[in-house]
Amino acid sequence: DSGVTQTPKHLITATGQRVTLRCSPRSGDLSVYWYQQSLDQGLQFLIQYYNGEERAKGNILERFSAQQFPDLHSELNLSSLELGDSALYFCASNRGGDNQPQHFGDGTRLSIL
Amino acid sequence: ELKVEQNPLFLSMQEGKNYTIYCNYSTTSDRLYWYRQDPGKSLESLFVLLSNGAVKQEGRLMASLDTKARLSTLHITAAVHDLSATYFCVLQGAQKLVFGQGTRLTINP
């Protein structure tokens with residue numbers, strides 16, 4: 001158990017819809033990272049938040065947005081969903097330093113029908 | 001563009017054998033990670049390599065980093081079935097993490 005909690009575990013929805021994925025980091029961790037894992041694109045870094053502020057941005061689409069709240073949990077919002085958004089979305093956390101390993105949650109599997 | 005390439009992508013080996021997974025990357029970085037992912041599961045951090053010449057070992061796995069050659073290796077010694085998984089090499093770029101394609105390792109009894 002990594003201590004990182006992601007909900008929901010599975011999500012099935014239709015094209016054009018909007019969903020919110022939630023992540024609670026390990027106790028004491030200030031950084032939260034979001035990743036997308038799909039068969040065709042592999043694992044891609046989406047975005048990082050540190051103590052409520054956006055710190056780094058990766059291959060995140062404009063239809064996607066994220067935020068980190070004062071209690072340090074984070075949400076990833078995906079809108080105008082397309083079939084290609086079907087993927088496993090991981091959240092990871094660490095204390096904040098780049099040289100610290102990230103601890104991954106179990107992921108949310110998103111299926112777009 | 002920062003690229004990370006792993007070789008091989010698929011590896012099937014017998015228990016007791018040794019093998020090495022290679023990770024080449026395109027631009028200078030002094031921070032590299034190795035992660036393990038079991039089928040349908042999350043990612044587990046194995047090693048963080050911070051400097052040229054760094055070598056870290058945990059059980060039957062040993063990782064090394066050569067920043068001049070832009071190469072990291074993950075060596076498996078006397079493989080056992082429990083090491084079957086997908087292994088990812090991950091590079092710390094400028095404000096961005098870049099993942100290799102992953103090496104799917106299958107160890108047969």
When the 4.5 angstrom heavy-atom criterion is applied to B:Gln37 and chain A, the contacting part is side chain
Answer with yes or no whether the hydrophobic clustering places A:Trp34 together with A:Leu72; edges join I, L, V, M, F, W, Y residues whose side-chain heavy atoms lie under 4.5 Å apart.
-> no
Which atoms of B:Phe88 approach chain A - backbone, side chain, both or neither, heavy atom under 4.5 Å | side chain
Are there more than 12 heavy atoms of other residues, nucleotides or ligands under 6.0 Å from atom CG of A:Leu113?
-> yes
When rounded to the nearest 0.5 Å, the distance separating NE2 of A:His103 from OG of B:Ser45 is 7.0 Å
Pair count under 4.5 Å, heavy atoms only, with chain B: among A:Gly105, A:Ser2, A:Gly42, highest is A:Gly105
Mind listing the closest non-hydrogen atom pair of A:Phe104 and B:Ser42 along with its distance?
-> CB-OG, 3.1 Å
Going hydrophobic residue to hydrophobic residue with side-chain gaps under 4.5 angstrom, can you get from B:Phe10 over to B:Leu105?
-> no
Leading residue by heavy atom contact count with chain B [cutoff under 4.5 Å; candidates A:Gln102, A:Arg109, A:Gln41] | A:Gln102
In the single-linkage hydrophobic clustering (I, L, V, M, F, W, Y; side-chain heavy atoms under 4.5 Å), do B:Met13 and B:Val80 co-cluster?
-> yes
Exactly one candidate in A:Tyr35, A:Tyr33, A:Phe45 meets ring pair (Phe, Tyr, Trp, His ring centres under 6.0 Å) with B:Phe99; the answer is A:Tyr35
Flag side-chain contact, heavy atom, 4.5 Å: A:Leu43 against B:Leu43 | yes
ILVMFWY cluster, A:Leu76 and A:Leu88 together (side-chain gap under 4.5 Å) | no
Determine whether A:Val4 and B:Tyr35 fall in the same hydrophobic cluster, where Ile, Leu, Val, Met, Phe, Trp and Tyr are linked whenever their side-chain heavy atoms lie under 4.5 Å apart.
-> no
